[in-house]
Amino acid sequence: MSEITRDSEPRRLAAEARDRVRFEEEALDLADQVYRVARRLVSTREEAEDLMQEAYARAFRSWRSYTPGTNLRAWLLRILTNLNIDRARRRQRAPLEQPLEEGDYFLYNKLEQASRDGNVDEERVLERLSQDDVVGALSAVPHDFRDVIVLVDIGDFTYADAAQILDIPIGTVMSRLHRGRRILKGELAERVGET
């Protein structure tokens, strides 16, 4: 009986090594997608690279907790998102959260009113916004809202996938997405007004 145990141990180790290599290959195939999401979650390329590296390090350390056959991309992005949330919490121990009031949307409302009056040409507005403006406006959105915008609007995830990645109810995803889009529009309007 001890011979059977001795023979099965190397086989088990070999099977586990094959599973790990397969997991790492599949995870690394998704690196471009993970980087794109990381880039939208943070304000600089260096932060995105650090966040992505930390996410892959954590994924490789805990590869056994991944269930083969499930959505690996969602699993990796959940790790990435959780790390970003932890990072933001470390940066600001007491987040400044104030309810938004009508006055917070002054520039957004002004731009919207001007476009209804025909005073603002959409193409002219888009010309005035650089990619840095868009990234800057997105980074100004509070991270709870930004995470949902990045996953749904940029990453093309469904509400259900975003809810799974962020570990929140679908209703919360929809609420944060609506509010986050309004904040982002306000930030973009402010940047258009500055140029």
Side-chain angles (χ1 to χ4, degrees), residues 20 23-67 70-100 104 129-188 190-191:
R20 181 177 179 125
F23 168 81
E24 289 177 359
E25 287 173 349
E26 290 174 11
L28 290 173
D29 285 343
L30 298 169
D32 288 342
Q33 295 174 35
V34 173
Y35 177 75
R36 277 194 302 266
V37 172
R39 182 67 181 102
R40 299 301 181 228
L41 289 174
V42 296
S43 57
T44 67
R45 293 174 197 257
E46 293 79 20
E47 286 179 303
E49 290 168 0
D50 290 346
L51 184 62
M52 182 180 162
Q53 183 177 9
E54 192 175 342
Y56 270 94
R58 184 170 290 181
F60 289 161
R61 276 194 311 268
S62 58
W63 71 276
R64 286 184 184 96
S65 66
Y66 170 70
T67 306
T70 59
N71 190 343
L72 178 58
R73 184 176 128 190
W75 188 78
L76 287 170
L77 292 177
R78 184 172 187 175
I79 291 172
L80 183 84
T81 304
N82 287 341
L83 286 170
N84 187 49
I85 290 168
D86 292 345
R87 196 175 120 277
R89 285 181 182 153
R90 282 191 302 270
R91 280 192 181 162
Q92 49 190 142
R93 293 181 185 220
L96 176 63
E97 284 194 41
Q98 298 173 351
L100 293 175
D104 293 333
L129 280 175
S130 70
Q131 185 173 358
D132 290 339
D133 290 332
V134 174
V135 170
L138 188 59
S139 66
V141 174
H143 75 86
D144 286 343
F145 303 114
R146 181 176 58 235
D147 293 347
V148 175
I149 290 171
V150 167
L151 291 174
V152 174
D153 289 342
I154 298 172
D156 290 329
F157 281 93
T158 64
Y159 292 161
D161 287 342
Q164 179 187 4
I165 291 167
L166 297 171
D167 197 24
I168 57 176
I170 290 178
T172 305
V173 168
M174 294 187 301
S175 171
R176 288 182 183 176
L177 184 61
H178 174 74
R179 192 163 173 196
R181 284 174 176 164
R182 289 194 63 148
I183 295 168
L184 181 60
K185 285 178 186 177
E187 290 291 330
L188 289 170
E190 195 171 308
R191 291 166 194 276

Query - Lys NZ or Arg CZ of Arg182 over Phe145 ring: under 6.0 Å, within 45° - result: no

Report task. Have a look at Met52 and tell me which of Val34, Leu83, Val42 forms a side-chain contact (heavy atoms from CB on, under 4.5 Å) with it. Result -> Val34

Query raised in the report: Do Leu76 and Tyr66 come within less than 4.5 Å of each other through their side chains, counting heavy atoms only?
Result: no

Query raised in the report: Under a 4.5 Å cut-off applied to non-hydrogen side-chain atoms, are Asp161 and Leu151 in contact?
Result: no

**Report entry** Flag side-chain contact, heavy atom, 4.5 Å: Glu24 against Arg20
**Finding:** yes

Requested in this report: Find out whether Leu80 and Tyr35 are in side-chain contact, i.e. whether some heavy atom of one side chain is under 4.5 Å from a heavy atom of the other.
Outcome: no

Report task. Please name the pair of heavy atoms, one in Ser65 and one in Trp75, separated by the smallest distance, quoted to 0.1 Å. Result -> OG-CZ2, 3.5 Å

Query raised in the report: Would you say Phe157 and Gln164 make side-chain contact, with heavy atoms under 4.5 Å?
Result: no

Report task. Decide yes or no for Arg36 and Ile154: does some side-chain heavy atom of the first lie under 4.5 Å from some side-chain heavy atom of the second? Result -> no

Requested in this report: Of all the heavy-atom pairs spanning His143 and Ala88, show the shortest one and how long it is.
Outcome: CD2-CB, 3.6 Å

Requested in this report: Quick one: closest heavy-atom pair of Arg39 and Thr44, and the distance?
Outcome: NH1-C, 3.5 Å

Query - pair Arg87-Glu54: side-chain heavy atoms closer than 4.5 Å - result: no

Query raised in the report: Ignoring hydrogens and geometry, is there a side-chain-to-backbone donor-acceptor pair from Arg146 to Leu41 under 3.5 Å?
Result: yes

Query raised in the report: What's the spacing between Arg78 CZ and Asn71 CG if we round to 0.5 Å?
Result: 12.0 Å

Query raised in the report: When rounded to the nearest 0.5 angstrom, what distance separates CG in Asn84 from CZ in Arg40?
Result: 14.0 Å

Requested in this report: Quick one: closest heavy-atom pair of Ala163 and Ile170, and the distance?
Outcome: CB-CG1, 3.8 Å

Report summary line: All heavy atoms of Val152 vs all of Ala162, minimum pair found to be CG2-CB, 3.9 Å

Query raised in the report: Of the non-hydrogen atoms in Ala137 and Leu188, which two are nearest, and what is the gap between them?
Result: CB-CD2, 3.6 Å

Query raised in the report: Is the CD atom of Glu49 crowded by more than 12 outside heavy atoms at less than 6.0 Å?
Result: yes

Requested in this report: Assign the ring pair Phe23 / Trp63 to parallel, tilted or perpendicular, where the plane angle (0 to 90°) is split at 30° and 60°.
Outcome: tilted

Query raised in the report: Quick one: does Leu30's side chain get under 4.5 Å of Leu77's, heavy atoms only?
Result: no

Query - CG on Asp153 to CZ on Arg181, rounded to 0.5 Å - result: 4.0 Å

Query raised in the report: What distance separates Leu72 CG from Thr67 OG1, expressed to the nearest 0.5 Å?
Result: 11.0 Å

Query - Gap between atom CG of Asn82 and atom CG of Asp167 - 0.5 Å precision - result: 7.5 Å

